[in-house]
Amino acid sequence: MSHAYAVKEIYYTLQGEGANVGRPAVLLRFSGCNLWSGREQDRAKATCGFCDTDFVGTDGPGGGRFDSSAALARAVSAAWPPVAPPRARPFVVCTGGEPLLQLDESLTAALQGAGFEVAIETNGTLLPPPGVDWVCVSPKAGAGLVLRCGDQLKLVFPQEGIPPESLEGDGLDFRHWFLQPMDGPDRVRNTELALRYCLAHPRWRLSLQTHKLLGIP
């Protein structure tokens, strides 16, 4: 059953990370997360305290409260540019915060009914609704990993308490394994560390946040 959805922002951009890097996409950012309130005063005590995203409220571009999955699917469709045939299949990346607090089977079906391939970027602590086309899990130290299979595992690195080797023998089933350097004041050093780790452990690939390098949202 459909319900109301709280959305921080909806906009058209290029996917900046992972295996779909460079692909045009509508980014659908849901409000809220189960690992941090989003308030700075709570960051130090949060399970995930390094988030670089504003997911609080509904005041971003295209954001708001949507009373039905159909209404939200229409808003996502409106963000995709009109393109004459032949055209690529529209692509929407559901992210947050934590999108699986809100993304349900009704919305997944509505987005796919509007022609979209549906991707999620999740911390892996919740299970997705059936039918999602692309699953990217980004594990966080101290948070139980419930979603243990998908298309892409993307580990922010280095992350105290969750070294990459702790995931390799854990029975996880993903097609792509990415290390993404943690942003912040140590980004250059973290990038060098991730580069070296990937060279020494070829299962892992390096994921750079190209949207930040390009200066796009």
Side-chain angles (χ1 to χ4, degrees), residues 1-9 15-20 27-58 69 72 92-109 111 118-184 194 203-204 207 209:
M1 180 178 292
S2 178
H3 59 78
Y5 305 91
V7 173
K8 176 65 178 184
E9 54 190 352
Q15 171 69 341
E17 307 168 352
N20 287 306
L27 191 142
L28 168 56
R29 188 181 308 284
F30 290 96
S31 300
C33 185
N34 57 343
L35 300 185
W36 177 40
S37 69
R39 298 189 297 265
E40 283 302 321
Q41 61 265 36
D42 299 331
R43 184 188 287 270
K45 297 179 180 178
T47 302
C48 177
F50 57 81
C51 183
D52 58 358
T53 302
D54 179 7
F55 54 82
V56 177
T58 58
S69 56
L72 182 47
V92 58
V93 178
C94 301
T95 184
E98 176 46 57
L100 293 184
L101 292 172
Q102 299 191 61
L103 180 69
D104 57 10
E105 190 171 359
S106 174
L107 180 56
T108 302
L111 291 169
V118 178
I120 58 169
E121 302 260 352
T122 174
N123 58 35
T125 61
L126 301 165
L127 293 176
V132 173
D133 298 296
W134 180 272
V135 175
C136 173
V137 173
S138 182
K140 304 299 189 293
L145 194 59
V146 174
L147 182 51
R148 304 175 64 81
C149 63
D151 299 281
Q152 173 177 295
L153 184 80
K154 185 182 68 183
L155 179 64
V156 176
F157 179 84
Q159 199 178 145
E160 186 176 352
I162 186 169
E165 56 269 22
S166 70
L167 299 171
E168 292 180 8
D170 204 20
L172 303 182
D173 183 14
F174 292 90
R175 286 194 288 150
H176 306 283
W177 294 64
F178 283 97
L179 284 190
Q180 185 163 290
M182 186 179 291
D183 200 5
R203 180 179 201 171
W204 295 89
S207 172
Q209 294 182 294

Verify, without hydrogens or angle tests, whether [X] (side chain) and [Y] (backbone) share a donor-acceptor contact under 3.5 angstrom.
{"X": "Arg203", "Y": "Glu168", "answer": "yes"}
{"X": "Ser207", "Y": "Gly18", "answer": "yes"}
{"X": "Lys8", "Y": "Val56", "answer": "yes"}
{"X": "Arg175", "Y": "Asp151", "answer": "no"}
{"X": "Ser31", "Y": "Gly57", "answer": "yes"}
{"X": "Arg43", "Y": "Cys51", "answer": "yes"}
{"X": "Gln159", "Y": "Val156", "answer": "yes"}
{"X": "Gln209", "Y": "Gly16", "answer": "no"}
{"X": "Glu98", "Y": "Asn123", "answer": "yes"}

Between CG of Leu101 and SG of Cys33, what distance do you get to the nearest 0.5 Å?
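Going from CG on Leu101 over to SG on Cys33, the span is 7.0 Å.
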
Do you know which two heavy atoms are closest between [X] and [Y], and how far apart they sit?
{"X": "Leu100", "Y": "Pro129", "answer": "CD2-CD, 3.9 Å"}
{"X": "Cys149", "Y": "Phe174", "answer": "C-CE2, 3.5 Å"}
{"X": "Arg29", "Y": "Asp54", "answer": "CD-O, 3.7 Å"}
{"X": "Ile120", "Y": "Pro128", "answer": "CD1-CB, 3.9 Å"}
{"X": "Gln152", "Y": "Ala19", "answer": "OE1-N, 2.9 Å"}

In terms of heavy-atom contacts, does CD of Gln41 have more than 12 from other residues, nucleotides or ligands at under 6.0 Å?
yes

[Y] side chain reached by [X] side chain, heavy atoms, under 4.5 Å:
{"X": "Leu28", "Y": "Val93", "value": "no"}
{"X": "Leu72", "Y": "Val7", "value": "yes"}
{"X": "Tyr5", "Y": "Ser69", "value": "yes"}
{"X": "Leu155", "Y": "Ile162", "value": "yes"}
{"X": "Thr125", "Y": "Leu145", "value": "no"}
{"X": "Trp36", "Y": "Lys45", "value": "no"}
{"X": "Pro139", "Y": "Leu153", "value": "yes"}
{"X": "Cys94", "Y": "Leu111", "value": "yes"}

Apply side chain to side chain contact (heavy atoms under 4.5 Å, CB included) to the pair Gln15 and Glu121, showing each step before the final yes or no.
CA-CA 11 Å; Gln15 171 69 341; Glu121 302 260 352; 3.0 Å; yes

Go through the steps to decide whether Lys140 and Phe50 satisfy the test side chain to side chain contact (heavy atoms under 4.5 Å, CB included), and finish with yes or no.
CA-CA 10 Å; Lys140 304 299 189 293; Phe50 57 81; 3.6 Å; yes

Show, in sequence, the C-alpha distance, side-chain angles and deciding distance for Leu147 and Leu126, and conclude whether the side chain to side chain contact (heavy atoms under 4.5 Å, CB included) test is met.
CA-CA 6 Å; Leu147 182 51; Leu126 301 165; over 6 Å; no

Does Asp42 come within less than 4.0 Å of Arg39, counting only side-chain N to carboxylate O?
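Here Asp42 pairs with Arg39 in a salt bridge, since their nearest N and O are under 4.0 Å apart.
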
Taking 4.0 angstrom as the limit, do Arg148 and Asp173 come out as a salt bridge?
no

Decide yes or no on ring-ring contact (aromatic ring centres under 6.0 Å, His included) for Trp204 and Phe157, but give the supporting numbers first.
CA-CA 12 Å; Trp204 295 89; Phe157 179 84; 8.3 Å; no

